[in-house]
2 protein chains.
Amino acid sequence: MLTNERHEFILNLLEQKQTIKIQDIVDLTEASESTIRRDLTVLENRNQLERVFGGAVLPGRNLSEPTIKDKSARNLEEKDSIAKLAASLVQDGDSVYLDAGTTTFQMIRYLRDKNIVAVTNGLTLVEELNEHGITVYLTGGLLKPRTGAFIGAQTIQSLKNYRFDVCFLGVNGFHPEMGYTTPDPEEAAVKRLASSLASESYVLADHSKADKISFAKIMELGDAVLITDSISTELRETLEKKTTVKVGTR
Amino acid sequence: MLTNERHEFILNLLEQKQTIKIQDIVDLTEASESTIRRDLTVLENRNQLERVFGGAVLPGRNLSEPTIKDKSARNLEEKDSIAKLAASLVQDGDSVYLDAGTTTFQMIRYLRDKNIVAVTNGLTLVEELNEHGITVYLTGGLLKPRTGAFIGAQTIQSLKNYRFDVCFLGVNGFHPEMGYTTPDPEEAAVKRLASSLASESYVLADHSKADKISFAKIMELGDAVLITDSISTELRETLEKKTTVKVGTR
DNA sequence: TGCTTATGAATGATTATGATTGATTTTGGA
DNA sequence: TCCAAAATCAATCATAATCATTCATAAGCA
C-alpha cells in the first residue's frame, strides 16, 4: 500500500469511527507500527487529525482536551525560575508585551508591584494581569480554542498599534540553526510581529524545549535573548555563539 | 477504550445524568477504580467536573465568580427568560455581536448548538463561548477592571472590521424619551458602534431598567428592538410607539 | 552507480493501568 | 450524641502499553 493511500485510508477510517487506535490501523493496513506512527505524525502536522495516547481523534472534536482553565502545569518549578528572572528585567514605566503561554503566565505574579502597561494575546493572562491590578490591553482577534491565544489577521492589525519596551515570548522549541519554532504558523506570525515591535525581546523556554524544532519558524536565535533553566554547558556554548542566554536559578 | 475516549464518555454521562457515581463508571467502562479516579482528577483539574465524595457533579458555573455572581444572582430568572428569547432570534450561519454583560452572558448556553460566529467585547463571555464550542472573536482593547469589558480606541477600531447579522446589547436604563443609556461614555460608544454595524439590533433589559436614565446615551429607543420581561401595560404601550418590544416569558 | 525517501525492528523512556495499603469520610445503629 | 462498620479516598508500587528515537535495510529515482 502506497504511503498516500495509507494516509487516505487512515483519514477515512477516522471519519467513520471518530476515534482510532494505532493497533487497529496496524492490523488493518499490515504496515508496521513505526510506519503508522509516522503517518499519524504527518497527518497531525497537516491538522487532519489529533494524536492522543494510543491513537488519534478528529481535530477540534476532541472534547476532553485540556481547556484553558487547566490548572495542571508541567515543569512548574523550572518555569517559575525562568518567570522570576524574566520579571526582574521589567522596569517601572515599561510597556510590556506578554505572549500567551504558561511560562509568561507565571511571570505575572512577579510583576504585581510594578507600574507598567501590559499588552497580551492570551486570554488567561488578561484575567491574571487584571487581578494583579496591572493595566492591560488585549490584542483581540480569533480565539484559538483550548490554548486561549488570540491569533489571526485581527490580532496582527491590533498589535501594530503598539510599541513595547520589552516583549516576552513562549516557544515550543529552540535550536542553534533553526532558531525559535512553534507548531502553529498563525501564532508564529503574532510572536514575530510582537518581537519586531519591541526594543528588547526575550524568549522564555525551559530545558525541555532545547534542540526541539516545531513546524513554524518564528525567528532566528539571535533575534531575542533566550531565558532558560538548566541546560548542558555544551549546548549553552553553542547557543551563546548566536545569542545572549540567561539562566534562571531556583 | 482509549484514555481520551473514556474522558469523553465520562463527561457525556455526566452531562446526561448531572451526577455520577464512581462505581457506575467502573461498571460501564470496565476500567479499574484507580483509573476512573485518576480520570476524575484530571477532569476536575480542567474544570470539566467537580468531584464529590463517591462520584462527580457538573461544575458550578455561576458559583465560582463572586463579583459576577452577585450581579447574575439578581433577577436571574427574569434575565434568563430574556436571554432565552433573545437566543431564539439567532439563526444558523449568523454572525452575532454579544455585548459585555450578565444578560448577554446568559444567552450563551442557549446558543450552544447553533452554528454561528460570535464577536464580543466581554472577557467572561469569551470564555463561556469558547467552552460551548462557539467560534469567537474578541474586539480587544483596554480591559475595564471589574466589569470585564473591553473599551477604548482599540476596541472601536477592531469592531469596524466586522459586520453583524444580529447584535445584542445590555444597557443600564431605557426610557421613552431618553432612549438607551449606560454609565460609561466609552462603553456607550462601543455599544452604539456595534449596533450600527448590525442588520438587526436588540437591547436586553429586564424591568428594573425601565424608565431609568444613566449618564451616557447610547442611542434612541427606536434604534433597536427592546427585549424585556414583565413591564406594565401602560409602559409597554408608550414604548411601542417608539420601537418594537418583545417580552420574555418563563 | 549515488542519492533520497520509506520502512521495519530494536532501544530505552514515558505514560497509563490495576492492585494494594492504610487513611479518611460517611453511614447507621445504640 | 458517640462508636463501629462500610464505603470511599489518596498514595504507592509493579506491570503493561505506548511512545520517540535511532539505526540498518529496502525501494524509488536520476
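In what follows, every chain begins at residue 1, and chains take the letters A, B, ... in the order their sequences are listed.
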Requested in this report: Flag the pair A/K246 and A/E200 as a salt bridge only when some basic side-chain nitrogen lies within less than 4.0 angstrom of an acidic carboxylate oxygen.
Outcome: no

Query raised in the report: When all nucleic acid strands are considered with a 4.0 Å heavy-atom cut-off, which category describes B/V52: base, sugar-phosphate, or nothing?
Result: sugar-phosphate

Requested in this report: Applying side-chain contact (heavy atoms from CB on, under 4.5 Å) between B/L98 and each of B/V90, B/L129, B/I134, report the one that passes.
Outcome: B/L129

Report task. Rounded off to whole Å, could you give me the CD-to-P distance for the A/E33 and D/dT18 pair? Result -> 8 Å

Report summary line: note: B/Q23, atom CD; D/dA6, atom P; distance rounded to Å ~ 16 Å

Query raised in the report: For D/dC9, does OP1 or OP2 lie under 4.0 Å from any side-chain N or O of B/R37?
Result: yes

Report summary line: Exactly one of B/T29, B/D39, B/N4 clears side-chain contact (heavy atoms from CB on, under 4.5 Å) with B/F9, and that residue is B/T29

Query raised in the report: Could B/D27 and B/K21 be called an ion pair, given the rule that one side-chain N must be under 4.0 Å from one carboxylate O?
Result: no

Report summary line: Per atom distances to the A/F53 side chain, the nearest of C/dG18, D/dC19, C/dG8 is D/dC19

Requested in this report: Look at B/R51 and D/dA10 and indicate whether a side-chain polar atom (N or O) is within less than 4.0 Å of OP1 or OP2.
Outcome: yes

Report task. Round to a whole Å and report the spacing from CG of A/L2 to P of C/dT5. Result -> 16 Å

Report task. Could you state the atom-to-atom distance from CD of A/E30 to P of C/dT7 in whole Å? Result -> 14 Å

Query raised in the report: To the nearest angstrom, how far is A/E44 atom CD from D/dA20 atom P?
Result: 9 Å

Query raised in the report: Please give, in whole Å, the distance from C/dA16 P to B/E5 CD?
Result: 15 Å

Query raised in the report: Given C/dG18, is OP1 or OP2 found less than 4.0 Å from the side-chain N or O atoms of B/T35?
Result: yes

**Report entry** Distance in angstrom units between B/I36 CD1 and C/dG18 P, rounded
**Finding:** 8 Å

**Report entry** Comparing B/R38 and B/I22 on DNA chain D - which has the more 5′ nearest nucleotide
**Finding:** B/I22

Query raised in the report: Between A/T3 and C/dT7, is there a side-chain N or O to OP1/OP2 distance below 4.0 Å?
Result: yes

**Report entry** Any donor-acceptor N/O pair under 3.5 Å between C/dA19 base and B/S34 side chain
**Finding:** yes

Query raised in the report: How close or far is atom C1' of D/dT18 from atom CG of A/D24, stated in whole angstroms?
Result: 14 Å

Requested in this report: Indicate the ring-plane relationship of A/F164 and A/Y97, choosing parallel, tilted or perpendicular according to the 30° and 60° boundaries.
Outcome: tilted

